[in-house]
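First up is the structure itself, then whatever we jot down about it.
Keep in mind that the numbers below use all heavy atoms, side chains included, and drop hydrogens, waters and symmetry copies. Read the numbers this way: they start at 1 and go in the same order the structure lists the ligands and their atoms.
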Amino acid sequence: MEVIIRPTAEAAAELVARVIARELRANPHLVLGLATGRTMEGVYARLVRMAREEGLDFSLCSTFNLDEYVGLPPSDRHSYRHYMNHHLFLQVNIDLRNTHLPDGMAADLDLECRHYEELIKRFNGVDLQLLGLGRAGHIGFNEPLSALQSRTRVKALSPVTLEQNRPLFEDPERMPRRAITMGVGTILEARRCLLLATGAEKAQIIAKAVEGPITSMISATALQLHPRCTVVVDEAAATRLECADYYRWIFENEPEWDSFR
Ligand code: GLP
């Protein structure tokens, strides 16, 4: 795992967008794993800008999102399909048929989960998986006690996540209580993982995720097992990292990051 600390949330989102753009230019058939949440909005806005101003080409790219709420149709503006269409898919030249999210309206949810796993395999796996960090340390919706080898399945949302979502739903009664999510094991099979966490409210949990012991209570800690995982944070989220100076030194001296400094 490597940790990159950028001065601001904007600079952190910029770096993540540039890593994605570089991978996409190197491989136009990239299979991209995508995440939702407020943190990702800055990344998608930058990718849209690169598509418009620099001709970043999504036409051959395929995507798989981490998760989707159970019971929300794509037309619902709280659904992750709606979020993705709005923030990215309808703003770049991606073929919508190549964009995949689990179907939270499926009659047989377990079958849908198996189908999603098969589809990822048929695309030969995810090349680059973008990840955010939930307040309780989850990736996707892998809430506390998600097995580190779990596959795509239905998960009940934890009280912490429901609390985090509450301001987003005008009618709390309509707030989904379950989601389909890629499992921790599914995520770990991506060839590269890229996690973005910004803001002071993520400082404590990112320190646990990066430097704490691996535990199914905090599914992001499983990324410590991944052979190629980059974590990008801003200064506000980096305040609790014990080895921050070491991470800074690596970023300043590693040739791989020459063009990103
Ligand atoms: C939800 C999503 C996660 C996301 C998290 C953080 O729980 N399922 O994938 O990482 O929110 O969201 P935010 O970026 O809004 O803090």
Side-chain angles (χ1 to χ4, degrees), residues 6 8-10 12-13 16-17 20 32-47 63-72 76-84 86-88 100-102 104 113 116 126 128-146 150 152-169 175-184 186-188 190 193-210 217-223 229-234 236-238:
R6 302 313 287 145
T8 61
E10 290 71 32
V16 167
I20 296 170
L32 197 48
L34 295 174
T36 50
R38 273 152 291 189
T39 315
M40 293 305 148
E41 290 176 17
V43 174
Y44 296 142
R46 282 167 175 81
L47 289 175
T63 65
F64 284 90
N65 265 76
L66 286 167
D67 44 17
E68 178 60 283
Y69 289 117
V70 167
L72 294 189
D76 190 305
R77 65 182 185 85
H78 298 297
S79 74
Y80 284 168
R81 165 55 82 178
H82 188 276
Y83 171 106
M84 289 311 307
H86 176 74
H87 289 288
L88 184 67
H100 307 96
L101 285 91
C113 293
Y116 203 61
V126 170
L128 174 63
Q129 178 65 59
L130 185 58
L131 297 159
L133 185 66
R135 217 188 289 171
H138 63 245
I139 45 176
F141 270 129
N142 289 290
E143 300 283 37
L145 295 186
S146 288
S150 51
T152 301
R153 68 218 184 288
V154 176
K155 260 323 252 189
L157 304 185
S158 71
V160 177
T161 302
L162 292 174
E163 209 41 58
Q164 185 179 341
N165 281 348
R166 199 172 294 278
L168 306 174
F169 289 82
M175 202 167 72
R177 300 287 196 272
R178 294 184 304 157
I180 293 180
T181 179
M182 279 189 203
V184 182
T186 319
I187 293 168
L188 289 180
C193 287
L194 184 57
L195 183 143
L196 173 64
T198 56
E201 68 279 8
K202 298 277 169 79
Q204 197 168 6
I205 196 65
I206 194 73
K208 284 187 183 167
V210 170
M217 287 299 288
I218 301 173
S219 58
T221 59
L223 294 170
C229 177
T230 305
V231 171
V232 182
V233 297
D234 63 351

Would you compute the distance between atom CD1 of I218 and atom CG of L223 and round it to the nearest 0.5 angstrom?
12.0 Å
Distance only, no hydrogens: is a donor on one side chain within 3.5 Å (strictly under) of an acceptor on the other, for R81 and T36?
no
Just checking, is any N or O donor in the side chain of N65 or Y116 under 3.5 Å from an acceptor N or O on the other one?
no
Over 60° means perpendicular and under 30° means parallel, so classify the ring planes of Y80 and Y83, tilted if in between.
perpendicular
R38 vs E41, salt bridge (charged side-chain N to carboxylate O under 4.0 Å, His left out): CA-CA, chis, key distance, verdict:
CA-CA 5 Å; R38 273 152 291 189; E41 290 176 17; over 6 Å; no
Write out each pair where an N or O from ligand 1 and one from the protein are under 3.5 Å apart, with the distance.
from: ligand 1; atom 1: 7 (O); to: H138; atom 2: NE2; distance (Å): 2.8
from: ligand 1; atom 1: 8 (N); to: D67; atom 2: OD2; distance (Å): 2.9
from: ligand 1; atom 1: 8 (N); to: Y80; atom 2: OH; distance (Å): 3.4
from: ligand 1; atom 1: 8 (N); to: G140; atom 2: O; distance (Å): 3.3
from: ligand 1; atom 1: 10 (O); to: L133; atom 2: N; distance (Å): 3.2
from: ligand 1; atom 1: 14 (O); to: R38; atom 2: N; distance (Å): 3.3
from: ligand 1; atom 1: 14 (O); to: T39; atom 2: N; distance (Å): 2.9
from: ligand 1; atom 1: 14 (O); to: T39; atom 2: OG1; distance (Å): 2.5
from: ligand 1; atom 1: 15 (O); to: R38; atom 2: N; distance (Å): 2.8
from: ligand 1; atom 1: 15 (O); to: R38; atom 2: NE; distance (Å): 3.2
from: ligand 1; atom 1: 16 (O); to: K202; atom 2: NZ; distance (Å): 2.7

Is the backbone N or O of P176 less than 3.5 Å from a side-chain atom of R178, with the two atoms forming a donor-acceptor pair by type?
no
